[in-house]
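Take a look at the structure below.
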There are 2 protein chains.
Amino acid sequence: MCPVSSRPEVTMAQRKRQLVADELTEAALQLLALKGFDTVTIDEIAASAGVSKRTFFRYFASKEDVVVQFLAGMGADMRAQLADRTAEEPPSAALRRAVWVAMAACADHSDRALRVVQLILRTPALHARFLEHQARWRDDLAEELTRHRAPGREDDLYPRMAAGMALTAFDAVLHRWSDSDGAEDPAGLIDQAFAVIAPALDAG
Amino acid sequence: MCPVSSRPEVTMAQRKRQLVADELTEAALQLLALKGFDTVTIDEIAASAGVSKRTFFRYFASKEDVVVQFLAGMGADMRAQLADRTAEEPPSAALRRAVWVAMAACADHSDRALRVVQLILRTPALHARFLEHQARWRDDLAEELTRHRAPGREDDLYPRMAAGMALTAFDAVLHRWSDSDGAEDPAGLIDQAFAVIAPALDAG
DNA sequence: TTCATGCTTGACACTCAGTGACACGAGGGG
DNA sequence: CCCCTCGTGTCACTGAGTGTCAAGCATGAA
């Protein structure tokens, strides 16, 4: 079915849905960056995107969600990257690559991503939600590390600690990148951060 | 003034204020543990403590705040402990003591604290707020570590990374302690966690 | 004792987040 | 042409959180 469509598996309704979601995200980021998180109401965002408040909540669970979803893909990226070649590498290299793809996603659209990251880090409500996402990423990474773990030590703390250290690195890099307005090089910062934690990652 | 009072510097009004705060915390923890976080309204908590909703918000900023404030003192404890003798010890030992005092505060009132921790870790809204607190603790610890840092490397990532690793250890221990219903020994878990990160902490 | 002062509280009204219910219209298939 | 479904808007409602104001109560001075 749909023989002429460029995306055979994507129906018309799905594309329409994606369109509305993009419109809402666009309107939200625009308004939030302009007026600050607290002073913008959801009614404003919805009106600016040309839909009703009720429709906004059919796409996003909360005002925080619009912003944080924008970075949510990074979690899946990291896990996929980690799952890919973990067995062949020392943990520090595998985790370094995982963090790298997440930061690369930022650096790619650095104009847009930088403003979003700065907004998140400066807004307590957004920061809290973002940290919650990171906690899920950590669980995912830990699970992935456990999969490739030597048998007999399934209950030790290493996977969770290693995942936590990697995300600590990610967080430190993200803060520095944000504070420098994108001036500092993410790759260099990642190298610095992983130079600190590598002795612990590869000793386990 | 107040020659017979046990706390000469504490006025009557302050003690009354503390009393109301305790009453609210008590009522909140009771109700939240019983009925779950979402189904309890602030009106209920306030009524249960014998005050009005408006008064609740004069003591706590939100429903999350009542619960999370209960553990907020740990941050100051950790920083104080770290500030105390950092210069004389390797970072792993100093940070280990800092994490230890925080966990000890939990283990002391294990009955009460365990239920609060489990409530926090299982409730997304509370978990998010708790992680925000942890982020502040990390900044504090990093600042404290920077103070005792060799000159010439003020801008490197080590302090932030070291603080992050210590809190990663704290978090892992807290989760295991919570998941085991308090059965696992916090001290032993801390030792395990710090055995993982010590190579990184003391190499910097 | 009496009055002035300052702090805490309750009552009320309001905005905004978030949800449930329902009706309407467009597109797709019979 | 009809029906069925899905997305949306409207409306109404609960609950979080805040501003305002007046009343109550403690303290301290006269």
Side-chain angles (χ1 to χ4, degrees), chain A residues 1-5 8-25 27-28 31-32 35-69 123-126 128-129 132, chain B residues 1-5 7-25 27-28 31-32 34-69 123-126 128-129 132:
Chain A
M1 41 185 84
C2 277
V4 290
S5 166
E9 302 300 336
V10 174
T11 151
M12 177 68 179
Q14 284 174 315
R15 256 181 296 172
K16 238 171 112 177
R17 194 172 167 78
Q18 187 59 46
L19 199 74
V20 178
D22 290 348
E23 202 74 32
L24 278 168
T25 304
L31 284 171
L32 292 178
K35 302 178 56 181
F37 185 77
D38 302 316
T39 55
V40 175
T41 71
I42 292 184
D43 288 274
E44 283 182 273
I45 297 173
S48 168
V51 298
S52 71
K53 184 184 79 167
R54 196 63 187 85
T55 294
F56 175 94
F57 282 108
R58 290 188 176 106
Y59 284 83
F60 300 101
S62 65
K63 198 162 51 163
E64 293 94 35
D65 212 33
V66 202
V67 185
V68 175
Q69 284 264 358
T123 307
L126 287 173
R129 290 291 162 187
E132 211 190 334
Chain B
M1 45 183 79
C2 275
V4 289
S5 165
R7 298 288 155 89
E9 301 299 336
V10 175
T11 153
M12 179 67 179
Q14 286 173 314
R15 255 181 296 171
K16 237 172 113 177
R17 202 175 159 75
Q18 187 60 46
L19 198 75
V20 178
D22 291 347
E23 202 73 32
L24 278 168
T25 303
L31 284 171
L32 293 178
L34 190 65
K35 300 177 57 180
F37 186 77
D38 301 315
T39 55
V40 175
T41 72
I42 292 184
D43 289 274
E44 282 182 275
I45 298 172
S48 169
V51 299
S52 70
K53 182 184 80 168
R54 195 64 186 85
T55 294
F56 175 93
F57 283 107
R58 290 191 176 103
Y59 284 84
F60 300 101
S62 64
K63 197 163 53 164
E64 293 94 33
D65 212 33
V66 202
V67 184
V68 174
Q69 284 264 358
T123 308
L126 288 173
R129 291 291 162 188
E132 211 189 335

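Numbers restart at 1 for each chain; the letters A, B, ... are given by sequence-line order, proteins then strands.
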Is any side-chain heavy atom of A:R129 closer than 4.5 Å to one of A:L126? no

Tightest non-hydrogen contact, residues A:A49 and A:E23, listed as O-CG, 3.7 Å

In whole angstroms, the gap separating P of C:dT9 from CD of B:E23 amounts to 12 Å

Report yes if a side-chain nitrogen or oxygen of B:T55 is closer than 4.0 Å to either non-bridging phosphate oxygen (OP1 or OP2) of C:dT9; otherwise report no. no

How do A:A61 and B:R54 order along DNA chain C: which one's closest nucleotide is nearer the 5' end? B:R54

What's the CZ-C1' distance between A:F57 and C:dG18, to the nearest Å? 5 Å

Could you tell me how far apart B:I45 (CD1) and D:dG17 (P) are, to the nearest whole angstrom? 10 Å

Nearest whole angstrom, please: distance from the C1' of D:dA16 to the CZ of B:F37. 11 Å

Hey, does A:L19 have a side-chain heavy atom less than 4.5 Å from the side chain of A:R15? no

Distance-minimising heavy-atom pair for A:E44 and A:V40: OE1-CA, 3.5 Å

Residue that, paired with A:K63, satisfies side chain to side chain contact (heavy atoms under 4.5 Å, CB included) out of A:T41, A:I42, A:D38: A:I42

Provide, to the nearest angstrom, the distance between the CZ atom belonging to B:R58 and the P atom belonging to C:dG10. 8 Å

Distance criterion of 3.5 Å, no angle test: do you see the side chain of A:K53 paired donor-to-acceptor with the base of C:dG18? yes

What pairs of nitrogen or oxygen atoms, one from the protein and one from nucleotides 23-29 of chain C, lie under 3.5 Å apart?
none

Heavy-atom pair with the smallest gap, counting every atom of B:S62 and B:F57: CA-CE2, 4.3 Å

Rounded to the Å, how far apart are A:Y59 OH and D:dC6 C1'? 11 Å

What is the separation between atom CZ on B:R17 and atom P on C:dT9, rounded to the nearest whole Å? 7 Å

For a side chain to side chain contact (heavy atoms under 4.5 Å, CB included) with A:F60, tell me which candidate from A:V67, A:I45, A:V68, A:L24 qualifies. A:L24

Just the rounded figure in Å: distance from P of C:dC16 to CG of A:D38. 13 Å

